[in-house]
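Notes to accompany the following structure.
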Amino acid sequence: MLSTSSIKRKVGEMLAEKGVISYEVLEEAIKIVEREPESVRRRLTTVLIQDFNVNRHLLMREIAQFYAFKEVGQQDEYKSPEKIEAIREIKNSLSESVFEDLLKIKAIPYGIKGNSITIATADPTETAIYEVASRLPYKNYDIVYLPAEKVSFIISQVHEQKNEFLDLLEEMAVDVTEEVTEEEIDEALIDAEINQSMLNSLVEGMLVESVRKDVSDIHVIPVDKNHSDIYFRLDGKLQLWMSQHGIRPEALAAVVKDKTRNVDRFERDSSQDGFIQRKIDGHQIRYRVSIIPMVGADFDRKFESIVIRILDDRKVITDLEKLGLQPNARNAFEKAIRKPSGIVIITGPTGSGKSTTLVAALHSVMDPSVNVLTVEEPVEYLIKGARQLKIGDKMTFDQALRGILRHDPDIVLVGEIRDLKTAETAIKLANTGHLTFSTLHTNDAPSAVSRLYKMGVEPFLLASSVNMVMAQRLIRRLCESCKKPIENVDRQLALAVGFTEEQIKSNTFYKNVGCEKCNKGFKGRMAIHEALYFDKEIKEIIFKAGKEIDEDKVRETGIKNGMLTLRESGRQRILAGNTTIEEIIAATVEE
């Protein structure tokens with residue numbers, strides 16, 4: 001009889017033979033598993049996914065085939081209304097505890113035939129599934145493989161997760177309204193309000209709800225002495241989630257501060273940054289908290305504005321395919337990041353998805369044979385396989401950059417080029433044989449070149465070190481369930497975004513409508529890109545620049561060589577039925 005370690009190695013060797021992993025990675029992964037204490041030892045598959053960034057679906061699909069588990073959901077039938085309704089009916093027939101146990105192991109009832117139930121799971125090798133299956137009210141059961149993202153989609157459609165904190169708020173319905181007359185902050189009164197668990201439930205409920213609603217940021221804004229508004233940013237737009245009357249803004253801020261690491265609850269005159277960690281629905285979520293003092297209607301009150309960024313590592317894109325780059329940008333981007341050295345710069349305003357693109361690029365070029373270092377302030381997402389340097393009082397951003405040069409890097413991510421010193425270090429890394437990634441705040445790709453030049457970077461250094469500059473914006477995606485063709489297109493608006501009369505006549509344009517599945521006709525976001533690849537012609541223009549780099553000439557040459565402007569990229573998204581004319585006008589400037 002084969003031992004567990006023999007089976008583990010046999011599965012690993014099969015994955016290596018199939019090309020899913022290398023034999024070197026397999027040996028390293030087995031060593032990690034064997035070094036871990038038995039009480040907390042992870043499975044080989046978990047180590048491969050978590051520590052070596054192996055594609056979960058490719059790995060689990062091969063393992064499912066190895067153990068002869070059938071794969072389902074390869075077509076779109078798994079998300080059809082009929083399938084979802086059938087799964088919902090099965091779910092309603094099961095006890096709540098059994099269904100919750102299935103969810104914990106990423107498994108769902110997928111179908112019934114006679115006295116047999118089919119269970120779809122993202123990991124058919126999970127032994128706990130057999131114990132749960134034995135408690136189902138069916139004589140037989142069949143285990144099948146369904147990719148993790150498809151399991152998550154079905155769960156989101158059939159299972160309404162309760163927010164126990166908000167439920168508690170409704171049950172309590174505590175009235176804490178009290179006329180505030182004191183000019184000075186009374187800490188005892190604030191404590192009295194906090195001790196009524198309504199405030200704790202409100203903040204915890206807010207944190208849970210933001211994750212479940214796929215919110216990117218929470219804004220807590222004091223309105224007056226007894227009133228605060230809480231906004232959620234969903235698909236790039238702020239929406240009022242709750243208007244909380246009857247509590248002091250200072251009390252609400254104090255509760256958030258008490259839950260936040262690295263901030264002082266009693267400091268109200270300076271900005272502070274910290275973080276919160278919570279396990280929501282079985283997943284570790286980090287919240288980055290920014291607190292700044294602000295002026296309110298009552299000038300003697302010390303109000304503070306709070307913004308909380310939700311950092312959910314499940315949203316990290318590690319596959320370039322999933323970035324949705326259009327063909328022109330994709331080809332240029334792939335070419336730039338596959339070079340052994342040079343710098344790739346992503347540019348755009350805050351919230352345009354620059355970090356997401358860079359992390360995807362990093363994952364596509366990193367492996368255990370290269371040393372990947374990142375310097376970010378703050379760190380947004382944890383990148384497995386990279387050494388992310390910790391910025392703090394004892395090591396500043398500049399010190400970290402200098403330290404990187406002596407730390408034998410192969411690939412470096414510099415979170416943001418903020419000044420000449422940062423720019424020079426990033427350029428030096430790119431010029432000394434390192435592949436470097438960074439971001440910059442400019443309106444488009446050509447202006448990033450002149451921005452670096454105006455910072456003080458010499459043209460010959462720019463020409464020799466930059467592989468490409470890519471500008472990007474995030475736009476809202478139309479809901480596929482309710483979008484409708486526009487019968488009478490606003491001709492002036494279409495011309496304003498750059499369409500020709502012929503294009504207006506021969507193409508179908510769509511508008512947002514709104515349904516129960518979306519947010520006012522939009523669901524999710526996608527990017528538009530302007531990818532300026534530094535070919536010989538672009539390098540020559542920059543190298544020969546005199547007192548000023550000719551942005552227009554750089555742009556014209558880029559377009560001639562295949563670059564799409566942000567507007568043109570947006571027009572393609574409109575013609576594909578992905579978004580509206582209004583979205584592109586709002587996200588881009590005139591060409």
Side-chain angles (χ1 to χ4, degrees), residues 163-166 168-169 176 185-223 227-233 238 241-242 244 247-281 283-294 296 301-315 350-351 355 376-382 388 390-397 415:
N163 190 330
E164 63 273 21
F165 298 106
L166 297 186
L168 181 61
L169 275 179
V176 294
I185 296 171
D186 189 326
E187 300 292 353
L189 283 175
I190 290 176
D191 279 335
E193 289 191 22
I194 291 172
N195 287 336
Q196 300 181 73
S197 63
M198 188 201 92
L199 267 182
N200 283 298
S201 294
L202 172 61
V203 173
E204 290 294 342
M206 172 183 81
L207 297 177
V208 171
E209 201 71 4
S210 64
V211 173
R212 291 180 177 169
K213 288 184 176 293
D214 202 22
V215 168
S216 62
D217 301 88
I218 305 166
H219 289 240
V220 182
I221 308 170
V223 178
H227 175 199
S228 297
D229 283 341
I230 300 172
Y231 286 84
F232 282 173
R233 187 179 291 281
L238 283 175
W241 176 66
M242 183 174 289
Q244 187 61 52
I247 61 169
R248 301 163 187 266
E250 296 95 335
L252 182 52
V255 172
V256 175
K257 287 178 174 181
D258 285 344
K259 296 176 184 295
T260 306
R261 297 185 190 182
N262 298 339
V263 304
D264 180 357
R265 170 181 163 183
F266 301 102
E267 174 57 65
R268 297 186 178 94
D269 295 314
S270 62
S271 63
Q272 299 188 78
D273 295 296
F275 66 95
I276 300 170
Q277 284 188 314
R278 288 289 182 276
K279 200 161 192 176
I280 310 293
D281 301 329
H283 297 279
Q284 194 71 30
I285 307 294
R286 289 173 296 120
Y287 303 83
R288 195 181 75 216
V289 183
S290 171
I291 305 168
I292 57 173
M294 62 171 277
R301 300 286 291 279
K302 293 189 175 181
F303 289 160
E304 292 170 292
S305 171
I306 300 173
V307 174
I308 303 171
R309 167 67 56 88
I310 294 93
L311 301 173
D312 186 345
D313 288 328
R314 290 173 296 175
K315 295 181 183 178
T350 301
S355 296
E376 306 158 84
E377 192 180 3
V379 171
E380 291 214 341
Y381 294 107
L382 299 178
Q388 295 175 272
K390 188 176 181 180
I391 307 299
D393 295 335
K394 294 184 179 179
M395 185 170 76
T396 64
F397 193 86

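The figures that follow rest on heavy atoms only: side chains count, while hydrogens, waters and symmetry mates do not. The model shown is predicted, which means the values in this text are computed figures rather than measured ones.
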Quiz item: Excluding sequence neighbours, so at least two apart, what forms side-chain hydrogen bond (donor to acceptor under 3.5 Å, both in side chains) with Gln272?
Solution: none
Self-check item: For His227, ring pair (Phe, Tyr, Trp, His ring centres under 6.0 Å) partners two or more places apart
Solution: His245
Quiz prompt | Partner residues of Arg286 under the salt bridge (Lys or Arg N to Asp or Glu O under 4.0 Å) criterion, sequence neighbours left out | solution = Asp313
Self-check item: Considering all heavy atoms, the nearest Met294-Ser305 contact
Solution: SD-CB, 3.7 Å
Exercise. Could you list the residues that satisfy side chain to side chain contact (heavy atoms under 4.5 Å, CB included) with Asp269, not counting sequence neighbours?
Key: Glu267, Lys302
Quiz item: So, are Glu250 and Arg268 salt-bridged, with charged N and O less than 4.0 Å apart?
Solution: no
Exercise. Give, for atom CD of Glu204 and atom NZ of Lys259, the distance between the pair rounded to the nearest 0.5 Å.
Key: 4.0 Å
Exercise. Might you point out which heavy atoms bring Pro293 and Ser271 nearest each other, and give the distance in Å?
Key: CD-N, 3.8 Å
Quiz item: With sequence neighbours left out, what residues match Arg288 under side-chain hydrogen bond (donor to acceptor under 3.5 Å, both in side chains)?
Solution: Glu380
Quiz item: Got a sec, which residues hit ring pair (Phe, Tyr, Trp, His ring centres under 6.0 Å) with Phe232, two or more places apart in sequence or on another chain?
Solution: Trp241
Self-check item: For the student: nearest non-hydrogen atoms of Pro222 and Glu304, plus distance
Solution: CD-O, 3.2 Å
Practice problem: Could you list the residues that satisfy side-chain hydrogen bond (donor to acceptor under 3.5 Å, both in side chains) with Gln284, not counting sequence neighbours? | Solution: none
Exercise. Kindly compute the distance separating CG (Leu207) from CD1 (Ile218), expressed to the nearest 0.5 Å.
Key: 5.5 Å
Self-check item: Inter-residue atom distance Ile308.CD1 - Ile291.CD1, 0.5 Å rounding
Solution: 8.0 Å
Quiz item: Considering all heavy atoms of both residues, which atom of Ser210 and which atom of Ile310 are nearest to each other, and what is their separation?
Solution: OG-CG1, 3.7 Å
Practice problem: Let me see the working for Glu209 and Val215 under side-chain contact (heavy atoms from CB on, under 4.5 Å), right down to the final yes or no. | Solution: CA-CA 8 Å; Glu209 201 71 4; Val215 168; over 6 Å; no
Quiz item: Who pairs with Asp214 by salt bridge (Lys or Arg N to Asp or Glu O under 4.0 Å), at least two apart in sequence or on another chain?
Solution: Lys315
Practice problem: Sequence neighbours left out, what passes side chain to side chain contact (heavy atoms under 4.5 Å, CB included) with Ile280? Give chain and number order. | Solution: Val208, Val211, Arg278, Ile285, Tyr287
Quiz item: Is there a side-chain contact between Leu202 and Ile230 (heavy atoms, below 4.5 Å)?
Solution: yes
Quiz item: Between CG of Leu238 and CD1 of Ile221, what distance do you get to the nearest 0.5 Å?
Solution: 7.0 Å
Quiz item: Which distance, rounded to the nearest 0.5 Å, do you find between the OG of Ser290 and the CG of Asp273?
Solution: 5.0 Å
Quiz item: Among all residues two or more places apart in sequence or in another chain, which pass the side chain to side chain contact (heavy atoms under 4.5 Å, CB included) test with Thr260?
Solution: Val256, Val263, Ile276, Val289
